[in-house]
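See below for the structure under consideration.
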Amino acid sequence: MNGTPAGKAKPNVVDRDRACLWHPYAPASDTLPLWEVVDAQGATLTLRGHSSDTPAKAHHVLDAMSSWWSVIHGYRNPLLDAAAKRQLASFSHVMFGGLTHQPAVELAERLTAMAPSSPDRPALERVFLADSGSVSVEVALKLAVQYQSAVGRPGRQKFLALRGGYHGDTTGAMSVCDPVDGMHSAFQGLLAKNVFAPRPPAVPADAEAILQWRQAVETLAAENENELAAIIAEPILQGAGGMFAYPAECLSILREIADRHGLLLILDEIATGFGRTGEMFAAEHAGVVPDIMCVGKALTGGYLTLAAMLCTGDIARTVSKQGAGALLHGPTFMANPLACSVANASLSILDGGAWREDVARIEYGLANGLATARSLNAVKDVRTIGAVGVIELAHDVDVPAITRAAIGHGVWIRPFRNLVYTMPPYITRSAEIEQITAGMVAAVAEVHGAP
Ligand SMILES: *Cc1c(COP(=O)(O)O)cnc(C)c1O
């Protein structure tokens with residue numbers, strides 16, 4: 001394909017990759033197309049291909065995935081670049097045991113100041129900085145169990161989770177992911193047995209559907225009360241479990257049920273946090289304040305891996321009084337200064353407030369641009385919530401074919417199951433949003449049949 005005789009060709013990056021690397025949710029000898037990224041700027045990635053599936057010319061594509069929800073301010077953002085360089089010039093990493101630093105303290109202060117709050121609930125005022133979203137979920141689960149034990153209920157070691165949920169790939173996190181559709185059936189014997197409530201009704205939902213769901217959750221909570229430490233849920237929008245939006249009222253119901261049965265409410269805002277759904281945190285759509293909250297993904301604007309778990313002062317004090325008095329977790333790269341510095345720069349951009357108009361503008365563009373997909377036979381549903389747009393097909397997507405077709409239209413997407421979706425960077429311009437939606441609709445039409 002490159003015009004070089006096969007025998008003489010130097011192995012390219014993709015061939016070398018295939019010889020020694022894993023990719024997410026993939027076999028080691030994966031043969032699906034793989035692109036090399038050679039540059040990224042703003043909302044645009046420059047890809048280079050190395051095989052007949054992935055032609056070698058430079059492809060400039062709009063990153064409709066924000067690199068899995070994270071790159072909200074775009075690539076090579078000058079403020080984030082500068083923050084990283086400033087921190088590099090002093091130190092990139094130090095251990096967090098017995099040491100502290102300005103970037104971590106500033107980040108914890110920022111997070112507690114911006115977290116969901118309400119006059120009649122305890123504030124989220126204590127922060128544990130973890131190195132990935134899954135780890136922050138592990139810490140949240142452990143904290144809930146330690147809390148229940150500290151208040152004299154050591155038998156409460158299980159969780160009430162929602163079907164359709166996704167909370168990460170580590171063992172504890174897997175145990176609260178959807179037990180059927182999740183990828184975790186292979187690990188049945190390894191995973192803690194938790195309690196699963198039905199998925200809430202989809203929006204728009206009628207009062208009757210919400211009432212039925214409430215009764216189902218209430219019954220499960222009542223029946224299992226003495227074994228349950230907490231309820232865990234993704235607020236308003238279930239992400240990797242199906243890009244599924246549910247009514248804000250259902251979140252308020254989870255808050256009520258948690259309170260009635262002495263359960264903590266853990267909200268996993270790893271995908272939804274930092275403006276993606278139109279509020280800074282998705283819990284704010286319902287005015288709900290959790291007892292424990294996890295954030296990650298967009299925390300550093302997609303520059304570095306970092307996550308955080310926040311909890312109320314009461315939980316922190318209660319756990320710290322009992323027994324060893326410690327929260328039993330401590331990653332090597334906890335509070336990495338480079339990541340914290342970039343996170344502070346990202347949060348300071350969000351403080352500027354432009355994200356709110358950007359997300360509203362993108363939501364409008366996605367709703368408009370994706371509407372035409374409704375007329376395609378293969379399409380079951382089209383929905384938007386904040387800067388997230390979803391085309392749901394009636395059957396599974398041909399992922400390599402759709403990806404290739406979208407690249408032909410200058411758009412990078414990574415569908416899964418029956419979902420072709422986008423959550424573009426907030427800096428994506430309106431004309432670029434049009435290109436993304438047109439590319440998604442055209443790719444679906446080309447691969448899965450015209451109207
Ligand atoms: C991505 C995600 C996680 C896991 O985060 P990682 O950083 O990939 O470990 C957990 N919960 C939700 C809701 C997510 O979207």
Side-chain angles (χ1 to χ4, degrees), residues 22-26 65-72 116 128-144 159 161-179 181-184 191 194 199-200 230-246 251 254 265-277 279 281-283 285 290 292-310 329 331-336 339-340 342-343 346 385-388 390 414 416-417 419 421-423:
W22 293 98
H23 282 264
Y25 311 113
M65 307 309 294
S66 295
S67 277
W68 274 339
W69 311 78
S70 65
V71 182
I72 52 177
F128 187 100
L129 293 168
D131 38 12
S132 76
S134 300
V135 171
S136 74
V137 169
E138 298 288 338
V139 176
L141 300 177
K142 288 167 70 174
L143 179 65
F159 301 92
L162 300 182
R163 289 193 184 272
Y166 175 79
H167 299 287
D169 290 344
T170 52
T171 308
M174 281 199 292
S175 78
V176 288
C177 290
D178 187 287
D181 273 349
M183 318 159 238
H184 306 134
L191 299 183
N194 289 311
R199 174 175 249 180
I231 296 177
I232 181 166
E234 294 155 275
I236 307 297
L237 176 68
Q238 293 185 318
M243 307 300 294
F244 176 88
Y246 65 86
L251 199 56
L254 292 180
L265 179 63
I266 303 172
L267 291 185
D268 177 348
E269 292 260 11
I270 292 168
T272 49
F274 308 112
R276 180 57 69 179
T277 67
E279 296 289 349
F281 297 100
H285 290 284
I292 299 177
M293 177 170 89
C294 295
V295 294
K297 290 203 161 89
L299 175 58
T300 65
Y303 269 48
L304 287 151
T305 176
L306 185 69
M309 183 220 59
L310 285 75
H329 214 97
T332 304
F333 286 98
M334 183 166 181
N336 174 259
C340 290
V342 179
S346 176
I385 168 169
V388 182
V390 186
R414 182 83 182 159
F416 69 100
R417 301 214 303 252
L419 301 165
Y421 70 105
T422 176
M423 58 265 174

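Because the structure is a prediction, the values reported are computed rather than measured. Just so you know, ligand 1 is whichever comes first in the structure, and atom 1 is the first atom listed for that ligand.
Judged by a 6.0 Å distance limit and a 45° cone about the ring axis, R199 is positioned over the six-membered ring of F244.
Put simply, the side chain of L129 does not reach to within 4.5 Å of the side chain of N336, judged on heavy atoms. With contacts defined as side-chain heavy-atom distances shorter than 4.5 Å, the pair I266/M293 does not qualify.
Annotation: the span from D268 atom CG to I292 atom CD1 amounts to 12.0 Å, rounded to 0.5 Å.
For the residue pair T305 / D131, no side-chain donor-acceptor distance below 3.5 Å is found, with atom types taken as modelled.
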- Evaluate side-chain hydrogen bond (donor to acceptor under 3.5 Å, both in side chains) for D169 paired with S134, printing each intermediate quantity in order. CA-CA 6 Å; D169 290 344; S134 300; 5.8 Å; no
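Protein residues with any heavy atom under 4.0 Å from ligand 1: S132, G133, S134, Y166, H167, G168, E234, D268, I270, A271, K297.
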